[in-house]
Structures are given as C-alpha cells and as structure tokens.
Number of protein chains: 2
Amino acid sequence: MKLQQLRYIWEVAHHDLNVSATAQSLYTSQPGISKQIRLLEDELGVEVFARSGKHLTRVTPAGESILEKAGEILRKVETIKQVAQEFSNERAGTLTIAATHSLARYALPPVIRAFRERYPEVRLRMYQGGPMQIAEMAADGGVDFAVATEGLELFGDLVAMPCFWWSPTLLVPASHPLVGRTPSLEEIAEYPLVTYMLGHGGRARLDDAFMHHGIAPDVVFTATDSEVIKTYVRLGTGVGIISEMAYDSVVDRDLVTVDVSRLFSPSVAMIGARYGTFVRAYMFDFIETFAPHLTRELVEQAFLRRNRSELVELFSELELPRHADRLAAVGEVAGRPG
Amino acid sequence: MKLQQLRYIWEVAHHDLNVSATAQSLYTSQPGISKQIRLLEDELGVEVFARSGKHLTRVTPAGESILEKAGEILRKVETIKQVAQEFSNERAGTLTIAATHSLARYALPPVIRAFRERYPEVRLRMYQGGPMQIAEMAADGGVDFAVATEGLELFGDLVAMPCFWWSPTLLVPASHPLVGRTPSLEEIAEYPLVTYMLGHGGRARLDDAFMHHGIAPDVVFTATDSEVIKTYVRLGTGVGIISEMAYDSVVDRDLVTVDVSRLFSPSVAMIGARYGTFVRAYMFDFIETFAPHLTRELVEQAFLRRNRSELVELFSELELPRHADRLAAVGEVAGRPG
DNA sequence: CCCCATTACGTAGCACGTAACAATG
DNA sequence: CATTGTTACGTGCTACGTAATGGGG
C-alpha cells in the first residue's frame, strides 16, 4: 500500500469517480491512476469502486470504509508536514481560508492586510463560496479555516468559534421617506424589499422576524452579493436590507442606513476549522487578529471540546464584539475600492 | 513522503534508536533504513532523530510530534487492511492476543480451542508477558487484545472490558491442619506463604487485605507462575495462595483448596483493545466466547466511550460471572496437560 | 577495538508517461 | 461518435542490497 494510492482513490472519489478529470487536476496521467487503483485493490483483495464495463459507477461498501480511513491518513500526512514546517520555520507556511462573500469582502481585508505584513513568508490562499460549500471545504481538509455566519454548526467535524456579531441594516436612497425614522417591521414591509438569498447574509433571521409577526414582505429581488443589492436600491427597485458590514459611509454616501437592529436577531460570524487540524503559530495569530477574544489558549481549548454543547459552554461567557466596534480596533477599512 | 519512511522512523524509535537492530527485525538492510530516514528528514526539513556523530542519540521535539502522527497513520493503514479483509472474507484474517501467565494458561485455552475450530482460516498469534508489557503491546497496536487482570486501566488508549471475576484460593497439602476449616487471615498468617509476585495474579489484593488487618504475613517465596507455587506447596515450603483459576481438581488432586474468597476482594479479568481498532467479526466472536455478556453490541458501545468513567458506567449494570461458573458454560477444561 | 551509522555504487523493480484498444452512453 | 477506462510498452527513477568508509564509546 502506498500513500499515492490512497491519494488517488480519495481524489477520484471526490471527482465524481471521473479518473480522467482527477488525473488532470493532479497533473498526472490517467492510466497511471487507473493502474495504481487496480494495484491497491488487488493488494487489498477488495474493489473500492464498482465498475460497469469501463466506467466507475459507484463506491463499494468496502470502499466507503476504506476511503474514510484514507482521508484520515492523508490529513495526518498533511499534519506531519505542518509540524515539520512549524519546527523548521514558524513564520513560513501556507494558510488557506474559505469565506462567504460578505465576510471575504468586508470583514477579512484589514485582517488579511495585517497578516500579510506580519507573515510575508506565509503563502496565503483564499476561496470564496456559499456557506455550505466552504464548510465542506474545511471539513474535507481542503482549507484550514472556513469563515461564515451560518452553516458551520451543521458539520460535526468542525470546531466553530464565534468571532463577532452584526445586524442587518436597512438601506434606502437619501430621499426616501424612511430616512431618519425608526420604522417597525410593518412599515418596512410597505416597501418592496431587496435582500439576500436564503442561506446568505442571515436571510433566515429576516424571514424569522417577519414570519413571527405574521408579515409577508414583498421581496422583489434577492442576491448573494451586497453590492448587487445596493445597485438595485440605487435604482429605486425597493429598500434594501443588507449586513451592516456591507455599508461603507464613504463609498455609499448616496445611500442612507436606517437602524433596524432591534427588529432582527443578530448574526454571529464564525471561524470553523476541522478537528485534528494542526494549528500553526501564525494561524493562532490570524484568528486572534480577526477576533481578539479568541486567544491561542482559548482556541486550543476549543479544539479539545468534542461536541457542540461543550463548545457552546466554552464560549458562553465571552462578550462578543459587534462588527462596528471591531472595525475601530483594527484601525482602518482596508480593501475599499478606488 | 512514503509510508515506508514513516514505518522506518517509527520502528527505529521503538528499537532504542538502533537502526541495525531495526533492520534485522524488518528483514531489510541497515543502509536502506538510514537512507530513507535521511530522505524523509530532508523532505520535511526537520531532523526526527538527533545524532551525535554517527549515533542516533535521541528523538528531537519535532520528531516526537512526527512519530506520534506516524504511529496513528500506520495504525490506520492496518485498519484499512483489516477492513478489506473483512469484506473479502470475514472468516479469514489474523488475531493476535497477549495475555498474562494465569489467563493464558488457565482461562484462555478452551476459548482458543473453540475459536480455532470455528475459524480455521484465522491465523492466531499469542504472546505471554507481564501485565504492563502486554498492555503496552495493545496500546502500541502490536496486538489486537490484551488479556489481563490488572494494568489495563493505566493506559488511556485502551478500552478495558470486564470479563469475569475470580478469587484467590488457599492451597495446602492434603494432610495440612487447615484442610476443611474456614480460616481467618490471622490463622493463615501463622504459616509461611508462597504466592505471586507483586503485580501478578492479584497479589496487590492479598497485601491490601493483610495490611488492612494489620497483619504482616511471612511470604517465603513469590513467583509469577502458579505451577511454581504449587510445586513449593507440595514441597511443604508453606501454604500457597493462588488464583482459583489455577487449581485443577484432577491434576492437582494431591493438593486441597481452602475457600478464602470472603477474606480478599475479587479480581476482575479484563480484555483490553486499543481505541480505534477495527474489530473484525471474528474478534467480536472471540470476545463473546471468552465473556458471553460482552455482546457485539456492547463492545461496540464500549469503543465509543472515550473515558474511563463512561466505560465504568456502561459496564456497571452487568453481573459478571465468576470464573468457576464460566468454566461450566464453556463445557470443558481444555489444555490440561497429558 | 568493536559497534554502528553513513557513503558509494550497482541492480532490479516499479511508477509513470505515451500510444493503442475497448466499451459505454 | 465522443468520452472514458484498460491494456501494452518503454523509460527513467528509486528503493534496496552489498561493500567500503568513518566516528564514537
């Protein structure tokens, strides 16, 4: 049994059982992979993949089990590499982060900027995607951290650590009648709404609030991207509800925010990492820069809590900062366009 | 990084950093191992072993960490092989057991005999050693099961499952004045004692009982082997205290047992297995043959309980059989000498 | 002075690539 | 018929063994 063989079956299983595609993504030849898989199967005496003729159709029951172990092994191999790097040069290495749109666009930039300055030898790699997508990346070991407001708690393999809370804010053109008022849910619902798609930007909490009051707002447009929402608010399509993170008083000075935080329950931005991840010194530092209350000690504790309730207990005594206050601490809003 | 390289560093670390000895035990050449270790260290950029001149002197801090992960990886590789075998032929495979002298000699034979009959395709391998030694073998992944009365609970990596309890018995020549009596501790202590060495056969419990009554018995001979004790009892050196398991009414008909079970707290024979072991179907069967109350279901439960107290709770409601009663169930005393 | 790890070197095996082939949808 | 996996085959690398070298205790 060779590590490569395990790598191959794992990769094939994560490429829809398409050996050709796998070969491409690994920059190797397709027959090579085929053969190694065969060799492994011969050695083990079990087929990992079921074939119909010349196509891999599905994973056998034995394969399920083997692939799971193979994944664990491969992740441990990565851990060994991390450990080695940590000892050889604790300031060099790789950090991969997956984040949702809003967090990647509005919350992470200043942190990333500071991090790059402090750790120029760390190769940074970022991905952006939907909550489920990035949570899965973290759970699979594809990225070190997932940064999202929702979804992380659905993956049992992830340690989810709360970073800060933020509220939705109402966004209207400067001339809008709601400017300067403190509207109720009913008043808001009199206008067409432009906001996030379900599963993005805390949309669920908006729906909860309206539903709880028996109100059915007229949502005329939904998007995953706050900038798109702003654009439609500017066009007069309706009033927007976006994350407070997404409003920039300079760039968006033609729009006005109306405080509606008391109407909706706040959302909590989280960092998620796979249990068993070897956390490098600079990773602890990254987390602490993003969420100063998440000290190295606390994070280490978190990784030892193996179930959700223990984690909740660990963090229950923390007073989470609000996004707006946190900004001041970081000192600037980096990543602002133009 | 290759699996062999991980195997090599792990083996070297477990052979007192002696590469030559390691090479011999692995039936390979010593330069081969040396080179592979070097290659691994070069690739990782860290030394696993510290050298003084041409000798491996100790494991580096980085090495500690790496070796630990390497061990986990190698065990998972074994698991994959087990899984594969389970699916290809659930009646073939390997079972390795380490047991203490008494259990190997008196408790296991009928179980082993039955097992061999039922699973002729399973290659059985047994080791005998002291409690600590065998517990360590199980914890290292060298054997599937450790069978012992003590020591298993000291290894956090082991699931310890209670199998049956047994008491010490007093053993005297047929003509001895204690025959037919139910002596007190004081009366026993009037005679020279021949019994187990500390750490063997529940000796600790004997000492506890005497100490608790403020009695200092005259222990004239200690051994790890019940047969040795019997021999000295026959010679008239003193009265023996051995495990009830070790007395055979046929072979030992020249000796007489005196019930002293009410004087000492009973010992519990345990099976220990490493957490994370992949338990094959025949292994479940083996356990259940040895200890009928340890059903597959219960054993699976046990492997999910990650700490001692949860384990104790799981087993607290069981009524453990006594060795003597258990014998009847198995039906015969196999392994009795000619 | 013995033991042991490293270096040097030759070889056999194997992983991987290219090309041709077969089977599936 | 296009896509995909398997078979065939050649080659370059490398793991491993033997022999020689050099340091330590």
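Naming: A, B, ... by sequence-line order, numbering from 1 per chain.
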Exercise. Taking only the side-chain nitrogens and oxygens of B:Ser20, find out if one of them lies under 4.0 Å from OP1 or OP2 of C:dA5.
Key: yes
Quiz prompt | NZ or CZ of B:Arg306 within 45° of B:Tyr275 ring axis and under 6.0 Å | solution = yes
Exercise. Ignoring the backbone of A:Gln36, work out which of C:dC16, D:dG5, C:dA5 is nearest its side chain.
Key: C:dC16
Quiz item: Choosing from D:dT4, C:dT18, D:dG17, which nucleotide comes nearest the side chain of B:Thr28?
Solution: D:dG17
Practice problem: Figure out the CD1/C1' separation between A:Ile37 and D:dT6, and round it to whole Å. | Solution: 12 Å
Quiz item: Side-chain N or O of A:Arg51 less than 4.0 angstrom from OP1 or OP2 on D:dT6?
Solution: yes
Quiz item: For the atom pair CE (A:Met132) and CE (A:Met137), what is the distance rounded to the nearest 0.5 Å?
Solution: 14.5 Å
Quiz item: From D:dA15, C:dT6, C:dA19, pick the nucleotide closest to the side chain of B:Ser34?
Solution: C:dT6
Quiz item: Under 4.0 angstrom, heavy atoms only, what part of the nucleic acid is B:Gly53 near: base, sugar-phosphate, or nothing?
Solution: sugar-phosphate
Quiz item: Looking at C:dT6, D:dG24, D:dT4, which one has an atom nearest to any side-chain atom of B:Arg38?
Solution: C:dT6
Quiz prompt | Euclidean distance, atom CG of residue B:Leu17 to atom C1' of C:dC3 [Å, nearest integer] | solution = 16 Å
Exercise. Could you please name the option among C:dT6, C:dT18, C:dT24 that lies closest to any side-chain atom of A:His55?
Key: C:dT24
Exercise. Check every atom of C:dA5, D:dA15, D:dC16 against the side chain of B:Tyr8 and return the nucleotide holding the closest atom.
Key: D:dC16
Exercise. Report which part of the nucleic acid A:Ser29 touches: base, sugar-phosphate, or nothing (heavy-atom distance under 4.0 Å, all strands).
Key: base
Quiz item: Could you give the NZ-to-P distance, from B:Lys2 to D:dC13, as a whole number of Å?
Solution: 14 Å
Quiz item: Is any side-chain nitrogen or oxygen of A:Ser52 closer than 4.0 Å to OP1 or OP2 of C:dG25?
Solution: yes
Quiz item: Looking at the side chain of A:Lys35, which of D:dT6, C:dT6, C:dC16 is the nearest nucleotide?
Solution: C:dC16
Practice problem: List the steps and the verdict of side-chain contact (heavy atoms from CB on, under 4.5 Å) for A:Gln82 and A:Arg280. | Solution: CA-CA 7 Å; A:Gln82 295 274 17; A:Arg280 307 268 321 254; 3.2 Å; yes
Quiz item: Taking for each residue the nucleotide of DNA chain C with the nearest heavy atom, is it A:Thr57 or A:Gln5 whose nucleotide lies nearer the 5' end?
Solution: A:Gln5
Self-check item: Between C1' of C:dA5 and NZ of B:Lys54, the distance in whole Å
Solution: 6 Å
Quiz item: What is the ring orientation for B:Phe115 with B:Tyr282, classed by angle as parallel under 30°, tilted 30 to 60°, or perpendicular over 60°?
Solution: perpendicular
Exercise. For B:Ile33, answer base if it contacts any base atom (sugar-phosphate contacts may also be present), sugar-phosphate if it contacts only those atoms, and nothing otherwise; contact means non-hydrogen atoms under 4.0 Å.
Key: nothing
Quiz item: Tell me: CD of A:Gln30 to P of C:dC21, nearest whole Å?
Solution: 16 Å
Practice problem: Determine whether more than 12 heavy atoms belonging to other residues, nucleotides or ligands lie under 6.0 Å from atom CD of B:Glu90. | Solution: no
Practice problem: Can you measure from CG (B:Leu26) to CD1 (B:Ile33) and round to the nearest 0.5 angstrom? | Solution: 5.0 Å
Quiz item: Counting side-chain heavy atoms from C-beta on, which of D:dT6, D:dA15, C:dA5 comes nearest to A:Pro31?
Solution: D:dT6
Quiz item: For B:Phe49 and C:dT6, what is the distance between atoms CZ and P respectively, to the nearest whole Å?
Solution: 10 Å
Quiz item: Over how many whole Å does the gap from A:Leu40 atom CG to C:dA15 atom P extend?
Solution: 11 Å
Exercise. Using a heavy-atom cut-off of under 4.0 Å over every strand shown, decide if A:Leu26 touches base, sugar-phosphate, or nothing.
Key: nothing
Exercise. Whole angstrom is fine here: how far is it from CD in B:Glu41 over to C1' in C:dA5?
Key: 12 Å
